[in-house]
**Q** 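I'd like to ask some things about the structure below.
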Amino acid sequence: MQTILTIATSGPALHEFTRSVARFVEDSGVDEALLTLFVQHTSCSLCVQENADPDVQRDLQEFFRRLVPASDDPSMRWMRHTTEGPDDMPAHIKAALTAVSLSIPVAAGRLALGQWQGIYLFEHRHGRHERRVVAHLAA
Amino acid sequence: MQTILTIATSGPALHEFTRSVARFVEDSGVDEALLTLFVQHTSCSLCVQENADPDVQRDLQEFFRRLVPASDDPSMRWMRHTTEGPDDMPAHIKAALTAVSLSIPVAAGRLALGQWQGIYLFEHRHGRHERRVVAHLAA
Amino acid sequence: MQTILTIATSGPALHEFTRSVARFVEDSGVDEALLTLFVQHTSCSLCVQENADPDVQRDLQEFFRRLVPASDDPSMRWMRHTTEGPDDMPAHIKAALTAVSLSIPVAAGRLALGQWQGIYLFEHRHGRHERRVVAHLAA
């Protein structure tokens with residue numbers, strides 16, 4: 001079973017979409033299964049992170065912003081792929097450092113997430129984007 | 001087929017658990033299959049690494065310690081999520097930089113690991129923890 | 001269904017092998033499925049990246065070279081695992097920072113990649129290597 005989940009973004013941030021994934025799983029009626037997510041872009045990515053304190057998401061984003069500054073930052077003058085904007089190549093790098101696909105077991109009809117785990121789209125680009133995540137469920 | 005593997009940790013380290021995973025696969029009697037591991041925490045993670053020289057694991061851990069210092073380090077004063085201890089937010093970041101899920105093919109009834117590959121739980125936190133990894137096997 | 005894809009490398013670079021993967025999927029005759037790739041090494045890795053501008057691949061590699069310098073670089077004197085050469089331990093670290101396995105849905109008989117996505121083997125070592133990637137297809 002497959003579906004496409006779309007997530008509207010407007011700048012660098014972690015967007016939780018655990019509920020959309022959970023709904024897809026629950027609507028399917030599967031009992032034991034494996035849910036795989038795949039993001040169809042190379043400038044945003046996926047992660048599973050703590051969904052209790054919003055500062056975790058803010059600090060994560062801030063860490064990546066400091067690790068991979070925009071290509072117009074003096075420390076990044078070695079970058080060549082700059083025609084799509086100063087946030088583009090850093091977005092590709094941040095995507096390589098995180099995940100393009102995630103697999104989460106389903107047990108007793110529900111995602112087997114830990115207590116504090118949420119599923120996030122990690123947007124690395126500025127501007128508005130409509131992001132597509134393919135969800136594949138195999139019973 | 002699913003099971004939960006538990007791994008007791010006591011501070012930052014790589015804990016190999018290849019044998020537990022191999023036993024689960026071999027006991028199942030599958031021939032060709034896919035084994036997926038999913039860690040139910042956001043402050044430890046998974047990796048597949050060389051299991052020959054223990055210095056590889058030590059150097060990996062040391063690299064991550066230097067890349068993401070504790071939040072009481074002067075260079076990390078920008079961190080906000082500090083109430084759970086100086087090792088907590090760095091642990092979330094290290095988890096985002098590594099893997100929450102891994103999929104390993106099973107061929108002829110055995111994990112199709114390369115010659116030097118071992119499966120590790122990468123503990124990023126201090127203190128004692130009992131970590132849970134869901135193993136899902138699909139034939 | 002499983003196969004082994006082999007990729008010959010000769011130094012740090014991103015090697016696209018999307019076509020080999022696509023051929024395996026198309027030859028199988030599956031309609032809806034999940035394709036999983038697993039690299040049997042700990043000093044190279046996998047990624048999905050933009051395949052339009054070759055500068056993206058060059059900048060990605062350059063970022064990782066700067067983030068994890070060779071072990072004979074003065075900044076890396078703390079490294080202990082150096083007997084296999086100054087590029088070996090950095091290769092293990094780069095592999096931990098990227099992916100050992102990737103899962104890509106197959107829809108209507110084709111890999112559900114985004115428009116600009118290509119599948120790459122990310123070689124982190126110098127010298128010539130023959131790299132093995134296990135491809136597992138589950139319908």
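Values reported hereafter were calculated over all heavy atoms of this structure, with side chains retained and with hydrogens, waters and symmetry mates removed. Lettering of chains follows the sequences in order, A, B, ..., and the numbering in each one begins at 1.
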**Q** Using a cut-off of under 4.5 Å on heavy-atom pairs, state which of Asp53(A), Leu102(A), Val56(A), Ile104(A) scores highest against chain B.
**A** Val56(A)
**Q** Name the option with the most non-hydrogen atom pairs under 4.5 Å to chain B; the candidates are Gln117(A), Gln115(A), Glu62(A).
**A** Gln117(A)
**Q** Taking side chain as everything from C-beta outward and backbone as N, CA, C, O, which of these in Ala99(A) sits under 4.5 Å from a heavy atom of chain B? Side chain, backbone, both or neither.
**A** neither
**Q** Ala33(A), Ala138(A), Ser45(A): which one forms the most heavy-atom pairs within less than 4.5 Å of chain B?
**A** Ala33(A)
**Q** Quick check on Phe122(A) against chain B: is it the side chain, the backbone, both or neither that has a heavy atom closer than 4.5 Å?
**A** neither
**Q** Does one side chain, of His124(A) or Asp87(A), offer a donor that lies under 3.5 Å from an acceptor on the other?
**A** no
**Q** Give the member of Met76(B), Met79(B), Gln40(B), His41(B) that has the highest number of heavy-atom pairs under 4.5 Å with chain A.
**A** Gln40(B)
**Q** Scan side-chain atoms only and decide if Glu50(A) and His92(B) contain a donor-acceptor pair under the 3.5 Å cut-off.
**A** yes
**Q** Which one wins on heavy-atom pair count under 4.5 Å against chain B: Pro54(A), Pro105(A), Ser101(A)?
**A** Pro105(A)
**Q** Just by distance, do the side chain of Glu16(A) and the backbone of Gln49(A) share a donor-acceptor pair under 3.5 Å?
**A** no
**Q** Can you tell which of Cys47(A), Gly114(A), Ala139(A) has the highest number of heavy-atom pairs within less than 4.5 Å of chain B?
**A** Gly114(A)
**Q** Do Ser103(A) and Thr36(A) get their side chains close enough for a donor-acceptor pair, meaning under 3.5 Å?
**A** yes
**Q** For Arg66(A), does the CZ atom have more than 12 heavy-atom neighbours from other residues, nucleotides or ligands under 6.0 Å away?
**A** yes
**Q** Check this for me: Arg132(B), atom CZ, are more than 12 non-hydrogen atoms of other residues, nucleotides or ligands nearer than 6.0 Å?
**A** no
